[in-house]
Amino acid sequence: MPIWADPARGERVRLLADDDLTLLGMFVSPPSARPTAADLRAVPGTDLERFAAVAVRDMPGVRVTTQPAEAAALVAAGATLDRTLVHMVRRGLQGPSGPAEREAQGGAAAREDQGPNLPAEKESEGPPPLRWAAPHLAAELDLVGVEAADLHELAVVQRLAYGPGHPDHEAVTLAQASGTLEALLAGDLRGPVYADASSLVRDDDGRTVACLVATQWEGIGEEWPGGPWVAELFKVPGGPPGLGRSLLERAVAVCALDGHDAVGLSVNATNPARRLCDDLGFRDAFSRVSLDLPGAWPAPG
């Protein structure tokens with residue numbers, strides 16, 4: 001089968017070629033109980049019909065995420081469209097800012113004088129307020145490093161956070177069955193964990209009530225050239241209001257203080273967290289489509 005590991009980037013990145021060994025595309029192969037191909041993309045200049053035909057032939061039964069143009073070619077070749085997976089959003093950290101800059105010039109007190117019931121003003125790209133780096137938590141809550149996480153407990157909290165009725169319930173259930181959370185914490189999914197920007201929140205009984213995992217993602221080309229990526233953010237249902245926002249604000253501030261140009265994350269368009277991302281200055285960068293290739297893995301022969 002003309003699929004092999006990219007010698008320049010190791011086992012995680014695979015190359016897809018035709019029988020004559022013409023390179024057609026590449027994808028990331030995360031550790032998974034189910035065959036998956038993340039960010040399947042054609043080599044620039046490749047005929048998409050040929051690319052799709054080889055992918056369908058040599059990757060039967062594989063669930064892939066890909067760009068809209070490749071997705072259209074794969075559907076024409078027999079793949080089943082699942083959904084528009086997510087919007088990938090980014091927040092610039094070093095350019096001009098909006099409300100954050102005004103706060104630095106004394107605007108925060110004036111805004112607070114307007115009363116607590118007014119809607120928060122949306123952030124724009126640029127340095128975030130320094131206060132984001134030190135979230136104010138209730139007295140019964142402690143902020144600890146993600147390295148203290150117990151994988152089993154974290155998986156339970158994640159399942160509760162994405163329970164039935166949540167737009168990402170099915171995706172998270174499948175991901176947990178595939179060992180995605182374990183691979184993420186091991187640095188095998190989105191690059192090494194960015195410990196300084198990641199955090200757990202525990203209550204006074206030592207139970208985890210919220211989690212944010214950030215990584216240093218090496219990048220996937222011009223769309224995302226690499227940098228810090230918020231790979232997971234969730235909290236138990238009924239947890240303190242604003243807790244997820246506080247953890248995301250902290251992660252953004254840490255990334256800015258460490259000198260990074262931008263931070264990114266992915267969010268389903270129907271996820272309520274999309275509004276939070278907009279409020280904190282994240283803007284659309286690109287999107288991905290999820291689909292299933294026909295057949296059953298492994299490929300015969």
Side-chain angles (χ1 to χ4, degrees), residues 3-15 26-40 59 62-65 85-86 88 143-162 168-202 206-221 224-236 244 247-248 250-252 254-255 258 260 263-268 288 290 297-298:
I3 296 177
W4 66 93
D6 183 345
R9 291 188 284 182
E11 286 294 322
R12 289 181 62 245
V13 179
R14 304 296 176 91
L15 306 177
M26 61 188 66
F27 60 92
V28 176
S29 180
S32 174
R34 173 180 179 171
T36 57
D39 201 47
L40 175 65
M59 302 168 65
V62 175
R63 169 162 288 188
V64 307
T65 58
L85 178 66
V86 286
M88 308 294 189
L143 189 76
V144 298
V146 75
E147 64 275 4
D150 174 86
L151 182 61
H152 174 73
E153 181 194 26
L154 208 58
V156 171
V157 175
Q158 188 185 45
R159 284 197 299 273
L160 291 172
Y162 294 98
D168 290 329
H169 171 69
E170 181 181 0
V172 170
T173 301
L174 289 172
Q176 282 207 344
S178 299
T180 299
L181 185 59
E182 182 177 8
L184 174 65
L185 294 175
D188 294 329
L189 191 63
R190 285 280 189 264
V193 171
Y194 186 0
D196 289 345
S198 302
S199 52
L200 291 179
V201 177
R202 288 177 168 168
R207 296 172 298 195
T208 297
V209 297
C211 173
L212 183 147
V213 180
T215 68
Q216 293 281 10
W217 192 14
E218 69 270 25
I220 52 174
W224 182 255
W229 189 266
V230 178
E232 276 293 349
L233 173 58
F234 52 83
K235 68 173 186 175
V236 293
L247 294 188
L248 186 53
R250 177 185 177 277
V252 170
V254 169
C255 293
D258 284 349
H260 294 287
V263 56
L265 57 84
S266 58
V267 60
N268 189 325
R288 286 291 178 267
S290 175
W297 185 266

Check for a donor-acceptor pair, side chain of Ser198 on one end and backbone N or O of Ala214 on the other, with a separation under 3.5 Å. yes

dist Leu247:CG -> Leu200:CG (nearest 0.5 Å) comes out at 9.0 Å

List the residues meeting ring pair (Phe, Tyr, Trp, His ring centres under 6.0 Å) with Phe234, not counting sequence neighbours, and say none if there are none. none

To the nearest 0.5 Å, atom CD of Glu170 lies from atom OH of Tyr162 at 15.0 Å

What heavy-atom pair brings Cys211 and Val213 nearest, and what distance separates the two atoms? SG-CG2, 3.6 Å

In terms of heavy-atom contacts, Met88 and Ser266 come closest through SD-CB, 3.3 Å

Checking Gln176 now: which residues fulfil side-chain hydrogen bond (donor to acceptor under 3.5 Å, both in side chains) with it, not counting sequence neighbours? Gln158, Arg159

Partners meeting side-chain hydrogen bond (donor to acceptor under 3.5 Å, both in side chains) with Asp150 (sequence neighbours left out): none

Rounded to the nearest 0.5 Å, what separates atom CG in Leu184 from atom CG in Leu154? 9.0 Å

Hey, are Arg288 and Asp39 close enough for a salt bridge, meaning a charged N less than 4.0 Å from a carboxylate O? yes

Taking side chain as C-beta onward, heavy atoms only, is Pro35 less than 4.5 Å from Arg63? no

Please check if the side chain of Ser29 supplies one atom and the backbone of Ala37 the other of a donor-acceptor pair under 3.5 Å. no

First locate atom CH2 of Trp229, then atom CG of Leu265, and finally report the distance between them rounded to the nearest 0.5 Å. 6.5 Å

What distance separates His152 NE2 from Glu182 CD, expressed to the nearest 0.5 Å? 13.0 Å

All pairs passing salt bridge (charged side-chain N to carboxylate O under 4.0 Å, His left out) where residues 207-217 contributes a residue, at least two apart: Asp203-Arg207, Asp205-Arg207

Distance check, rounded to the nearest 0.5 Å: Cys255 atom SG versus Gln216 atom CD? 7.5 Å

Could you give me the CA-CA distance, side-chain angles and deciding distance for Thr208 and Val201, then say whether side chain to side chain contact (heavy atoms under 4.5 Å, CB included) is met? CA-CA 6 Å; Thr208 297; Val201 177; over 6 Å; no

Answer yes or no: is there a side-chain heavy-atom contact under 4.5 Å between Arg202 and Val144? yes

Flag yes if more than 12 heavy atoms outside Glu153 fall under 6.0 Å of its CD atom; otherwise flag no. yes

Test Ile3 against Leu15 for side chain to side chain contact (heavy atoms under 4.5 Å, CB included), laying out the working first. CA-CA 5 Å; Ile3 296 177; Leu15 306 177; over 6 Å; no

Can Leu151 and Leu181 be said to form a side chain to side chain contact (heavy atoms under 4.5 Å, CB included), step by step? CA-CA 8 Å; Leu151 182 61; Leu181 185 59; 4.0 Å; yes

Taken in chain and number order and not counting sequence neighbours, the residues that satisfy side chain to side chain contact (heavy atoms under 4.5 Å, CB included) with Asp258 are Tyr194, Asp196, Val254, His260

So do the side chains of Leu212 and Val230 get within less than 4.5 Å of each other, counting heavy atoms only? yes

